[in-house]
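Step one of this worksheet: look at the structure below.
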Amino acid sequence: MTATRIQRAALAAVGVVVLPLALSACSSDDSSDSAKPKDTAAAAPKESQSAPDDAASTMDKPFGPACASVPATGAGSFDGMSTAPVATAASNNPDLSTLVTAVKKAGLVDTLNSAQNITVFAPTNEAFAKIPKADLDKVLADKAMLTKILTYHVVGEKLAPAKLASGTYPTLEKSTLATSGSGESYKVNDSASVVCGNVPTANATVYIIDTVLMPKM
């Protein structure tokens with residue numbers, strides 16, 4: 001009986017020693033597993049595709065309420081104007097016929113068509129109609145005055161819409177004009193509004209405006 005009790009006691013003692021060791025080993029395996037790097041390819045969330053910048057893409061194109069009246073096809077369309085030099089392109093737009101007449105009277109067709117990387121602020125027929133007829137006829141008959149007014153509408157660099165937000169630019173007339181605004185709403189000299197902007201031609205960017213700009217005489 002005594003021998004049996006001694007054997008049981010010995011087994012119990014062994015169990016007390018072995019059990020913690022076994023638990024320690026299991027714990028070590030678990031912590032080792034948790035320390036292993038997980039499959040990052042599976043765990044990492046998929047990158048969402050960024051949406052295109054609609055605002056930026058819009059401003060790469062012509063904008064403004066009067067753009068709707070530009071023909072969809074033909075020489076007077078945006079595509080047609082983009083392949084012609086600026087004076088020729090303007091002659092294909094029926095809303096710019098008075099401007100084209102003035103440019104021809106001033107003898108500026110070749111000057112504008114041969115210039116490179118310019119910006120033209122082009123008054124519509126309605127813009128010229130704001131000038132009393134007697135005054136307009138007087139200007140059209142005076143080549144020097146007409147040239148001064150028309151060249152005041154031309155800047156010697158291409159202006160992207162963002163540059164119109166707040167800027168002052170020298171003109172071919174040798175004085176400066178100022179632009180202001182944001183989004184699709186811009187003004188020139190606080191008097192003329194851009195009604196169709198960022199129109200490309202072969203050698204110029206055109207901003208069609210609703211008022212004739214007048215330099216200091």
Side-chain angles (χ1 to χ4, degrees), residues 57-131 133 135-137 139-140 143 145-161 163-164 169 171-173 177 179 181 183-189 191-215:
S57 61
T58 298
M59 297 311 289
D60 287 340
K61 302 174 183 178
F63 64 87
C67 291
S69 64
V70 174
T73 58
S77 67
F78 291 130
D79 287 341
M81 292 176 70
S82 70
T83 61
V86 64
T88 302
S91 69
N92 294 322
N93 187 321
D95 287 337
L96 301 177
S97 59
T98 305
L99 172 63
V100 172
T101 297
V103 167
K104 288 178 179 179
K105 283 183 174 291
L108 292 174
V109 172
D110 290 341
T111 299
L112 293 178
N113 277 349
S114 61
Q116 294 300 313
N117 298 320
I118 59 175
T119 294
V120 176
F121 294 93
T124 62
N125 294 342
E126 291 182 358
F128 280 100
K130 293 179 181 180
I131 303 173
K133 187 177 184 306
D135 293 340
L136 180 59
D137 289 344
V139 169
L140 292 175
K143 186 176 180 180
M145 183 184 297
L146 184 59
T147 299
K148 184 177 179 69
I149 292 173
L150 293 177
T151 53
Y152 184 64
H153 290 72
V154 184
V155 171
E157 63 176 294
K158 279 191 176 183
L159 300 178
K163 286 192 172 184
L164 301 187
Y169 301 101
T171 69
L172 265 61
E173 182 267 336
L177 56 76
T179 61
E184 295 188 358
S185 178
Y186 295 96
K187 281 189 171 292
V188 185
N189 288 352
S191 60
S193 295
V194 174
V195 294
C196 183
N198 205 32
V199 178
T201 71
N203 66 323
T205 298
V206 176
Y207 291 89
I208 299 174
I209 55 178
D210 66 356
T211 302
V212 177
L213 304 173
M214 300 300 292

Looking at every non-hydrogen atom in both residues, tell me the closest pair between Ala90 and Leu96 and how far apart they are.
O-CB, 3.8 Å
List the residues meeting salt bridge (charged side-chain N to carboxylate O under 4.0 Å, His left out) with Lys187, not counting sequence neighbours, and say none if there are none.
none
So, for Lys158 and Thr119, which heavy atoms are closest and what is the spacing to 0.1 Å?
CA-OG1, 3.3 Å
OG1 on Thr111 to CG on Leu172, rounded to 0.5 Å:
8.5 Å
For Val86, the option from Val154, Val109, Thr201 that meets side chain to side chain contact (heavy atoms under 4.5 Å, CB included):
Thr201
Determine, step by step, whether Val212 and His153 satisfy the side-chain contact (heavy atoms from CB on, under 4.5 Å) criterion, reporting the C-alpha distance in whole Å, the side-chain angles of both residues, the deciding distance to 0.1 Å, and the verdict.
CA-CA 9 Å; Val212 177; His153 290 72; 3.9 Å; yes
Looking only at heavy atoms, which two atoms of Tyr169 and Glu157 are closest? And how far apart?
CD2-OE2, 3.8 Å
Can you check whether Phe121 reaches Val206 side chain to side chain, under 4.5 Å on heavy atoms?
no
What distance do Asn93 atom CG and Leu99 atom CG have between them, rounded to the nearest 0.5 Å?
9.5 Å
Heavy-atom check, side chain of Val188 versus side chain of Tyr207, under 4.5 Å
no
Please examine the side chains of Cys196 and Phe63, heavy atoms only from C-beta on, and report whether any two atoms are closer than 4.5 Å.
no
Distance in Å, Thr73 OG1 paired with Asp79 CG, rounded so as to fall on 0.5 Å steps:
9.5 Å
Under 4.5 Å between any side-chain heavy atoms of Pro215 and Ile149, yes or no?
yes
Give me the atom names and distance for the closest heavy-atom approach of Gly76 to Pro71.
O-CD, 3.5 Å
Where do Thr179 and Tyr186 land on the side-chain contact (heavy atoms from CB on, under 4.5 Å) test, with the steps shown first?
CA-CA 7 Å; Thr179 61; Tyr186 295 96; over 6 Å; no
dist Ser91:OG -> Lys104:NZ (nearest 0.5 Å) comes out at 6.5 Å
Okay, side chain of Asn125, backbone of Ser97: is any donor-acceptor separation there less than 3.5 Å?
yes
Does some side-chain heavy atom of Val155 sit less than 4.5 Å from a side-chain heavy atom of Leu177?
yes
Can Asn113 and Thr88 be counted as having a side-chain donor-acceptor contact under 3.5 angstrom?
yes
Pro123 side chain reached by Leu213 side chain, heavy atoms, under 4.5 Å
no
Considering all heavy atoms, the nearest Ala127-Ile209 contact
CB-O, 4.0 Å
By side chain to side chain contact (heavy atoms under 4.5 Å, CB included), which residues pair with Lys130, not counting sequence neighbours?
Asp210, Thr211
Please walk me through it: do Ile208 and Thr124 pass side-chain contact (heavy atoms from CB on, under 4.5 Å)?
CA-CA 7 Å; Ile208 299 174; Thr124 62; 3.2 Å; yes
With a 4.5 Å cut-off on side-chain heavy atoms, are Asn203 and Asn117 touching?
no
Can you name the closest pair of heavy atoms from Ala102 and Leu146 and give their distance?
O-CD2, 3.3 Å
Asp135 vs Val139, side-chain contact (heavy atoms from CB on, under 4.5 Å): CA-CA, chis, key distance, verdict
CA-CA 6 Å; Asp135 293 340; Val139 169; 5.6 Å; no
Could you tell me whether the side chain of Phe78 reaches within less than 4.5 Å of the side chain of Lys61, counting heavy atoms only?
no
Among Asn189, Thr147, Thr171, which residue meets the side chain to side chain donor-acceptor pair (under 3.5 Å) test with Tyr152?
Asn189
